[in-house]
Colleague: 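Got a structure for you, written out below as structure tokens; questions coming shortly.
Since we're looking at a predicted model, the values are computed, not measured. Both counts, for ligands and for their atoms, begin at 1 and track the order of listing.
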Amino acid sequence: MKKVVKFGGSSLASAEQFQKAGDIIRSDGERRYVVPSAPGKRSSGDTKVTDMLYGCYAKAEAGKDFKAELKQIKERYEEIIRGLGLTLSLNEQFKTIEKDFKEKAGDNYAASRGEFLNGIIMAGYLGYEFIDAAEVIFFDEAGEFDSEKTNAVLSERLAKVERAVIPGFYGAYADGRVKTFSRGGSDITGSIVSRAVKADVYENWTDVSGFLVADPRIIDNPPVIDTITYRELRELSYMGATVLHEDAIFPVRREGIPINIRNTNMPEDRGTWIVESTCQKSRYVITGIAGKKGFCSVNIEKDMMNSEIGFGRKVLQAFEDNGISFEHVPSGIDTMTVFVHQDEFMDKEQKVVSAIHRMADPDTIDIESDLALVAVVGRGMKSTRGTAGRIFSALAHANINVRMIDQGSSELNIIIGVSNDDFENTIRAIYNIFVEIQL
Ligand code: ASP
């Protein structure tokens with residue numbers, strides 16, 4: 001068996017956390033490939049090293065003195081090295097970083113140093129080989145991740161290495177310039193490495209014991225989801241449930257490698273398993289609930305809309321031309337509604353409205369703001385009668401006015417639009433009917 005283990009920033013924020021990670025890795029010989037993040041926050045008021053690096057580089061870029069900031073970053077690493085009792089020195093690396101910052105190597109390069117340096121420490125601590133991600137993870141000229149080139153180079157390289165540390169979050173263009181993924185991107189690196197070595201499991205170690213059925217800021221102590229499919233996870237993370245980077249499932253999904261979310265501070269917990277498909281029923285009819293506030297709906301009416309070929313395309317073109325992506329488009333016979341993010345839409349609202357008038361010639365356009373969307377997700381819904389009925393009767397009892405309903409064609413989710421003010425109560429009402437009464 002081969003396991004790839006990725007440790008998030010909070011799992012590597014201090015020597016003490018490093019030790020926990022080290023114990024976890026050493027306790028299982030199959031944990032052969034390690035992907036570290038940069039040191040995260042040690043406590044709630046702390047700053048992540050990645051943010052310190054961005055800040056430090058901003059000064060360098062502006063031609064200001066950045067020595068004090070760089071020294072603080074160096075101290076964070078030295079504290080870890082001392083705490084682990086290692087004899088390692090990062091003096092050379094910091095000299096190079098200082099020089100590169102002066103030469104304005106770019107903020108991608110700057111941010112990537114967080115993982116790079118943590119990787120060197122981790123490799124020294126474990127006695128594993130260090131492999132610089134810039135040599136094995138590639139981006140194409142357009143800045144897109146080059147999955148095939150990466151997989152070819154990385155799998156060949158790792159085939160020769162029994163145990164290695166590959167820092168997360170970055171790779172390089174063909175010419176060697178460093179490029180990072182978006183924030184939280186070490187999750188993606190872990191997934192890429194798992195694919196390259198055809199791992200049996202990708203363990204993603206973080207500071208929670210898995211995905212929760214609902215947001216703990218709204219629901220007290222929601223249970224952990226035992227097993228969730230990739231598709232269910234996509235639906236929930238799209239709606240804001242963030243434990244794992246959205247793009248992290250794609251590389252492993254191709255190989256059917258399961259992801260196991262685990263808690264570095266509670267290594268005995270089983271965590272959440274993210275799988276391609278499963279015969280395991282979820283504990284409740286629903287797998288999870290998530291939602292987001294801040295949507296607008298643009299309601300368009302036109303008599304005989306149903307028979308007009310191309311109407312929907314023209315309407316959506318008006319959004320596209322203004323660079324606005326739409327979230328949902330429920331439609332009726334003579335009506336069509338387009339849900340968009342309010343903050344994206346606000347500035348361009350009148351431009352979009354006039355473009356719709358010009359292109360599609362509707363009878364009326366009506367905009368509603370301050371809406372929230374709530375997604376009820378579950379592979380079990382397909383085979384259970386009355387799920388929608390239960391949701392809506394629960395919402396009616398809670399005096400919540402449902403403004404929109406959209407059942408995904410996969411029957412994996414039901415999306416409900418309510419006013420922002422009803423958001424929390426909507427989640428509570430749905431949670432109560434499916435989870436609370438069964439606990
Ligand atoms: N250190 C990077 C960040 O803070 C990447 C990561 O942790 O995954 O976003």
Colleague: For ligand 1, which part of K48 has a heavy atom less than 4.0 Å away: the side chain, the backbone, both, or neither?
Modeller: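 The part of K48 near ligand 1 is the side chain, not the backbone.
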Colleague: Are K293 and F423 in a cation-pi contact, defined as NZ or CZ under 6.0 Å from the six-membered ring centre and within 45° of the axis?
Modeller: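 Verdict for F423: no cation-pi partner in K293.
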Colleague: How far is atom 7 (O) of ligand 1 from its nearest protein heavy atom, and which residue and atom name does that atom have?
Modeller: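 Heavy-atom neighbour on the protein nearest atom 7 (O) of ligand 1: S37 OG, 3.1 Å.
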Colleague: Considering distance alone, does some N or O of G184 sit under 3.5 Å from an N or O of ligand 1?
Modeller: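 Yes, G184 has an N/O under 3.5 Å of an N/O on ligand 1.
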Colleague: Does G185 come within less than 4.0 angstrom of ligand 1, counting non-hydrogen atoms of the residue?
Modeller: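 Heavy atoms of G185 do come under 4.0 Å of ligand 1.
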Colleague: Applying ring pair (Phe, Tyr, Trp, His ring centres under 6.0 Å), name anything that partners H341, two or more places apart in sequence or on another chain.
Modeller: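 Ring pair (Phe, Tyr, Trp, His ring centres under 6.0 Å) check on H341 returns F295.
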Colleague: What residue and heavy atom of the protein are closest to atom 4 (O) of ligand 1, and at what distance?
Modeller: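 For this ligand atom, the closest protein heavy atom is R183 NH2, 2.9 Å.
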Colleague: Side chain, backbone, both or neither: which part of S186 comes within less than 4.0 Å of ligand 1 when only heavy atoms are counted?
Modeller: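 It is both backbone and side chain that touch ligand 1.
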Colleague: Does R253 make a cation-pi contact with F250, if we ask for NZ or CZ under 6.0 Å from the ring centre and within 45° of the axis?
Modeller: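 The answer is no; the distance or angle limit is not met.
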Colleague: For the CD1 atom of I166 and the CD1 atom of I131, what is their distance to the nearest 0.5 Å?
Modeller: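 Atom-to-atom, I166:CD1 and I131:CD1 are 5.0 Å apart.
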Colleague: Identify, with sequence neighbours excluded, every residue that meets ring pair (Phe, Tyr, Trp, His ring centres under 6.0 Å) alongside Y230.
Modeller: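 Checked Y230 against ring pair (Phe, Tyr, Trp, His ring centres under 6.0 Å); zero matches.
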Colleague: Quick one: does H245 get within less than 4.0 Å of ligand 1, heavy atoms only?
Modeller: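 No, H245 has no heavy atom closer than 4.0 Å to ligand 1.
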Colleague: Between Y238 and K292, is there a cation-pi geometry (under 6.0 Å to ring centre, at most 45° from the normal)?
Modeller: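 The answer is yes; both the distance and angle limits are met.
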Colleague: I want to know if ligand 1 touches E115 in the polar sense, i.e. an N/O pair below 3.5 angstrom.
Modeller: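 Between E115 and ligand 1, an N or O pair is found under 3.5 Å apart.
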